[in-house]
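Accompanying notes for the structure given below.
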2 protein chains.
Amino acid sequence: MTGKTDTRSRILDIAEAAVLEKGFEATSIEEIVAGAEISRGGFFYHFKDKNALARAMLERYIEVENALYDDLFARARELNDDPLHSMLIGLKLLAEMLEEMPTGHPGCVIASTAYQDRLFDEGVRELNRQAILGWRKRFRGMFEDIADVYQPREEVNLDALGDMVSGVVEGGLVLQRALREHNNASEQIMLFRTYLKLLFSPN
Amino acid sequence: MTGKTDTRSRILDIAEAAVLEKGFEATSIEEIVAGAEISRGGFFYHFKDKNALARAMLERYIEVENALYDDLFARARELNDDPLHSMLIGLKLLAEMLEEMPTGHPGCVIASTAYQDRLFDEGVRELNRQAILGWRKRFRGMFEDIADVYQPREEVNLDALGDMVSGVVEGGLVLQRALREHNNASEQIMLFRTYLKLLFSPN
DNA sequence: GTGTCAACTGGACTCACGGTACAGTAGGGG
DNA sequence: CCCCTACTGTACCGTGAGTCCAGTTGACAC
């Protein structure tokens, strides 16, 4: 028929939009099939249950997120070769990006699934876990590069510091969602940026 | 013994335990009434629907949480009269407390409701919002006291810094839940503590 | 042109859960 | 004695997930 998008990814698109707007639980299969203009049978042909949908969404989301981080910090590195300064630039770019997102960042998908984890199976939980561990590794690596050049003023665990990036983003998104404000996440990232400056900048 | 209605608070106890363990959505009314040894009718006598239960739980939780913060930072102030040092002590006490909690801190209740907010009515969302604004005010006040004595090395928005306490706790709890590790939240608080030390300590 | 297969449609059904309605009742005041 | 609070118990409804399955459609294969 249309040919340009196959049904499976059309389902994922519709589902993702709905889930980001109102949460996984509040998004019914009925609604997804209506949006994708398919039958209920068609949905279950592609996804054995809602869990399989969640997994596919998470997989796709994590890929996009990682590509985004790759791109963002690569650009930051182009702008300044120093590991500390490129990190600071990257965080600023990230904060700006979050501010420009109208409905908020999809990062909430991670926190969202974390808090509804009993609704999901082990596969989904494990995906979630691996995503966060991946970010830990990514940022830890960057902090190691910084620490090779700049002696930190206080001793910190670099794994925990890597987690702090994820935590600050996730926490900021929680605040943003609960407060119905708009820039909490980017504000929190900028505060974290100041932390790094204080921690690594030579006096 | 005492208490206006024994049954009502027994429902809340059972519900809270279940919700903390597996989330609000995954906790059925059936299960609550079984645990509290009452009939379904009895449940709906006390709570008109699940929303009313959520609201009552949140109200109670926020009260307990605030009392806990009051107590914790009052003790910290007793141990050291300096605003910065008492804050640092308070955060250490908080981190220790979080570590000692086996199932994790109930703070997740806030994040949890934030991410499932379409399941709840405006009353619940507003309660959530007010709780976070309350913490902002609390911590902002403490940071103002610190800033009166110690000139911060970098200019920061004290409201945002106040939010960062909530954000770091919430974010840490998200990590902890997703990673199935145990000390992420307390670790994140300790990292935040280091931040404050760097920000306010005279060189 | 016949056969096969993937990608569906559509309908009937089960089950769990939230929620409604309401009649009845045990027990403690006034 | 009645009345009120705090329930019990049952019957019933709607919604949404998930199952089963029989049938259709179009592409490509031989």
Side-chain angles (χ1 to χ4, degrees), chain A residues 1-19 21-58 112-113 115-125, chain B residues 1-19 21-58 112-113 115-125:
Chain A
M1 300 269 230
T2 55
K4 67 172 176 182
T5 36
D6 100 76
T7 305
R8 195 187 137 96
S9 51
R10 210 167 71 245
I11 293 173
L12 284 174
D13 289 339
I14 306 255
E16 193 171 287
V19 167
E21 203 219 317
K22 44 190 202 173
F24 187 78
E25 214 287 316
T27 300
S28 69
I29 290 173
E30 209 66 51
E31 174 188 350
I32 294 168
V33 303
E37 289 176 312
I38 52 163
S39 63
R40 271 168 54 79
F43 175 86
F44 286 106
Y45 175 77
H46 288 289
F47 303 99
K48 105 174 219 292
D49 53 24
K50 245 187 147 185
N51 245 301
L53 175 68
R55 232 180 101 162
M57 281 177 59
L58 250 189
S112 175
T113 50
Y115 273 113
Q116 299 176 38
D117 60 357
R118 296 298 162 119
L119 293 174
F120 301 112
D121 63 18
E122 196 45 51
V124 174
R125 289 200 285 268
Chain B
M1 272 207 267
T2 48
K4 356 181 208 178
T5 50
D6 187 36
T7 306
R8 195 185 136 96
S9 48
R10 211 168 69 246
I11 294 174
L12 285 174
D13 289 339
I14 305 257
E16 195 171 285
V19 167
E21 204 219 316
K22 45 189 201 172
F24 187 77
E25 215 285 318
T27 301
S28 69
I29 291 173
E30 209 67 51
E31 174 187 351
I32 295 168
V33 304
E37 289 175 313
I38 53 165
S39 63
R40 270 167 56 79
F43 175 86
F44 286 107
Y45 175 78
H46 289 289
F47 303 99
K48 107 173 217 293
D49 53 24
K50 244 187 150 185
N51 245 302
L53 174 69
R55 235 180 96 162
M57 280 177 59
L58 250 190
S112 174
T113 51
Y115 273 113
Q116 299 177 37
D117 60 357
R118 296 295 162 120
L119 294 174
F120 300 113
D121 63 19
E122 196 45 51
V124 174
R125 288 200 285 267

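The analysis underlying the following values was restricted to heavy atoms, covering all of them including side chains, and did not include hydrogens, waters or symmetry mates. So that the names make sense, note that chain A is the first sequence line, chain B the second, and so on, each numbered from 1. Not measured: the values here are computed from a predicted model.
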- Note on the structure: Here the distance between atom P of C/dA21 and atom CG of B/Asp49, to the nearest Å, is 13 Å
- Query: In whole angstroms, how far is the C1' atom of D/dG16 from the CZ atom of A/Phe47?
  - Reply: 18 Å
- Task: Evaluate whether atom CZ of B/Arg55 has more than 12 neighbouring non-hydrogen atoms of other residues, nucleotides or ligands under 6.0 angstrom away.
- Result: no
- Establish, with yes or no, whether the OP1 or OP2 oxygen of C/dA7 is under 4.0 angstrom from a side-chain nitrogen or oxygen of A/His46. no
- Atom CD of B/Glu30 and atom P of D/dT10 are separated, to the nearest Å, by 13 Å
- So, does A/Asn51 use its side chain to make a donor-acceptor pair with the main chain of A/Ala54 at under 3.5 Å? no
- Query: Taking OP1 and OP2 of D/dA6, is either one under 4.0 Å from a side-chain nitrogen or oxygen of B/Tyr45?
  - Reply: yes
- Note on the structure: When rounded to whole Å, the CG to C1' distance for the pair B/Asp6 and D/dA6 reads 12 Å
- Task: Take the protein atom CD of A/Glu25 and the nucleotide atom C1' of D/dA17, then report the distance between them rounded to whole Å.
- Result: 11 Å
- Task: Please report, rounded to the nearest Å, how far the P atom of C/dG19 is from the NZ atom of B/Lys48.
- Result: 8 Å
- Can you check the A/Glu31 CD to D/dT15 C1' distance for me, whole Å? 13 Å
- Item | A/Asp49 (side chain) donor-acceptor with A/Ala52 (main chain) under 3.5 angstrom | yes
- B/Glu122, CD atom: more than 12 neighbouring heavy atoms under 6.0 Å: yes
- Phosphate OP1/OP2 of C/dC8: any A/Thr7 side-chain N/O under 4.0 Å: yes
- Query: Between the base of C/dG10 and the side chain of A/Arg40, is there any donor-acceptor pair under 3.5 Å?
  - Reply: no
- Judged by nearest nucleotide, the residue sitting upstream toward the 5' end of DNA chain D, A/Gly41 or A/Ser28, is A/Ser28
- Task: Give the rounded distance in Å between these two atoms: NZ of B/Lys50 and C1' of C/dG18.
- Result: 8 Å
